[in-house]
Amino acid sequence: MKIDTEGHKFKEGAIQEGLVRWKSPSNIALVKYWGKYGEQLPKNPSISFTLDAAHTITEIDYRPKADDGKLEINFFFEGKPNEAFGQKIEHFLKKHVALFPWVTQLQMTIKSKNSFPHSSGIASSASGMSALVMCLSDIESKHNGEEISLAKASYISRLASGSASRSVFPELAVWGSHNAIEGSSNLYATTYSKEVNPMFTQFHDDIMIISAKEKSVSSTAGHALMNGNIYAENRYMQANQNLMDIIRSMKEGDLEKFGEIVESEALTLHALMMCSTPSYILLEPHTISVINEIRQYRSESKLPLYFTLDAGPNIHLLYPDDIADQISPFIEEVLQPYCVGGKIIKDKVGQGPQNLINE
Ligand code: DP6
C-alpha cells in the first residue's frame with residue numbers, strides 16, 4: 001500500500017474551529033520489537049494484542065490563525081499544563097511537518113489523560129501517540145473530506161513511537177515485514193485478526209504493577225543498545241521464527257505453544273538488556289517471584305496461565321476467558337500481594353481507537 005506522505009495546507013477561509021476527541025489503547029507485544037534502524041524502522045517484525053482498559057484520551061480544540069509558519073500549541077496532561085510533553089509533540093510535528101503542513105494554520109489546545117496512573121510504570125507512548133495521531137487525522141479528514149486511513153495513522157504513529165503503530169488496529173496487529181504475512185510492512189502495522197482462533201480475540205491481560213518507579217533506561221535507549229549486542233542477529237532470526245510459530249499456534253488454538261513463545265519472548269527481551277553494553281536490569285525481585293509462582297501454579301493446575309513483560313518490571317498475565325473465574329482466587333491471594341498497593345489493571349483484548357465525539 002502506498003502512503004501519501006505529503007499533506008496539504010487547508011484552503012484559506014475553509015477552516016473552522018472545532019473539537020476532536022479520541023480514545024486510543026495501549027498494546028502488549030507477544031513477539032517483541034527490540035532494535036531499530038533508519039527512521040523508526042524495526043529490525044524484526046512484531047505482533048501484539050491491542051488492549052482496552054489501558055488507554056489514553058486526547059482531545060484537540062482548534063481554531064484558525066494566521067499562517068506565519070509557527071506552531072501554536074498549548075498542552076495539558078491530566079488537567080495541568082505540561083511543557084515537557086508539549087515540547088515533545090511540537091518537536092514531532094516540526095520534524096514531520098510535511099505530513100501535516102496545515103498545523104501552522106491552527107491554534108491548538110491539546111488535552112490528554114491516561115486511564116492508568118502516570119506513575120504505574122505502564123508504557124504510555126503507544127496509547128498517547130496513537131491518540132494524538134487519530135485526533136490529527138480526524139482534523140485532516142474533516143477538511144479534505146476523505147475518510148481516516150488507518151494505514152496512514154499507523155505510519156505516522158510509528159514515526160512517534162514504534163509500538164504506537166500497532167495500537168490503531170483492533171485485536172491483533174503485526175508491524176514489520178515478514179515474507180509469510182501478506183501485506184506486512186516495516187512502514188506501518190496491519191490488522192491480524194482474521195486467521196486466529198476466536199479464543200485469542202477474547203484474551204485477558206491483567207497488568208500487575210510490580211514497581212511504579214520511572215524506568216532507569218528508556219526503550220529508545222534500549223533499542224539503540226541492540227546495535228552493539230553480539231546476540232542481535234540471532235535475536236532477529238529468532239523473532240522471525242517466533243512470529244511464524246505464534247501465528248500458527250493461534251490459528252490452531254494451540255495454547256501451550258502460544259504460552260511457550262510469549263514467555264520466551266519476554267525473557268529474551270530482558271536477557272538482551274542484561275547482556276548489552278552497558279548492561280542493565282529492569283526486572284525487580286518481585287517480577288522473578290511472580291514468574292516462579294505462575295510456573296508452579298501452571299504445572300500443578302495444568303491451566304493455561306502465561307506471562308509476558310514489556311520493557312519494565314510489570315507482569316502481564318495472559319489467559320483465555322474460559323479460565324478467568326477459576327484462576328481469580330490464585331491471582332488475588334497469591335499474586336496480588338506482590339503488586340505495589342495491590343494494583344492490578346484488569347485488561348482484555350480490545351477494539352482499537354474510538355472516536356468520542358458523535359458526529
Ligand atoms: C519492549 O515503541 O516504546 O515494548 O520506538 O523508541 O518509541 P520507540 O520504542 P517503543 O518500544 C517498545 C518496545 C517493547 C516491545 C514492543 O512493544 O514491541
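All values reported here derive from a predicted model rather than from experimental measurement. In listed order, ligands and their atoms are each counted from 1.
Per-residue contacts place R166 under 4.0 angstrom from the following atoms of ligand 1 (heavy atoms of the residue considered): 16 (C), 17 (O), 18 (O). Near A29, the atoms of ligand 1 lying under 4.0 angstrom from a non-hydrogen atom of the residue are 16 (C), 17 (O), 18 (O). When each atom of ligand 1 is checked for a heavy atom of K36 under 4.0 Å away, the hits are 5 (O), 6 (O), 8 (P). Listed by number with element, the atoms of ligand 1 under 4.0 angstrom from any heavy atom of S163 are 2 (O), 3 (O), 10 (P), 17 (O). Taking every heavy atom of G162 and a limit of under 4.0 angstrom, the matching atoms of ligand 1 come to 2 (O), 5 (O), 7 (O), 8 (P).
Contacts between S161 and ligand 1, counted as non-hydrogen atom pairs separated by less than 4.0 Å, involve both the backbone and the side chain. The part of L269 lying near ligand 1 is the side chain, judged by heavy-atom distances below 4.0 Å. Under 4.0 angstrom from ligand 1, the non-hydrogen atoms of S125 all belong to its side chain.
Of all non-hydrogen atoms in T58 and A131, the two that sit nearest each other are OG1-CB, 3.5 Å.
For ligand 1, the polar-atom distance check finds an N/O of T220 within less than 3.5 Å of one of the ligand's N/O atoms. Looking at ligand 1, you'll find an N or O of H223 within less than 3.5 Å of one of its N or O atoms. Between D310 and ligand 1, a contact under 3.5 Å exists for no N or O pair. Considering backbone and side-chain atoms together, Y33 places an N or O closer than 3.5 Å to an N or O of ligand 1.
Checking N229 against S276 by side-chain atom types alone, no donor-acceptor pair falls below 3.5 Å.
The distance between the ring centers of W102 and H143 does not fall below 6.0 angstrom. Aromatic ring centroids of F116 and H55 lie 6.0 Å or more apart. In this structure, H96 has its ring center no closer than 6.0 Å to that of F100. Taking the six-membered ring for Trp, F203 and F49 have ring centres closer than 6.0 Å.
For the pair R235 and Y231, the NZ or CZ position fails the cation-pi test of under 6.0 Å to the six-membered ring centre and within 45 degrees of the ring normal.
Not a single heavy atom of M129 sits closer than 4.0 Å to an atom of ligand 1.
A ring pair (Phe, Tyr, Trp, His ring centres under 6.0 Å) with W175 is found for one member of Y33, Y188, Y192 and no other, namely Y33.
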As a quick check of understanding, evaluate ring-ring contact (aromatic ring centres under 6.0 Å, His included) for F200 and F258, giving each step before the final call. CA-CA 10 Å; F200 290 101; F258 170 87; 4.9 Å; yes

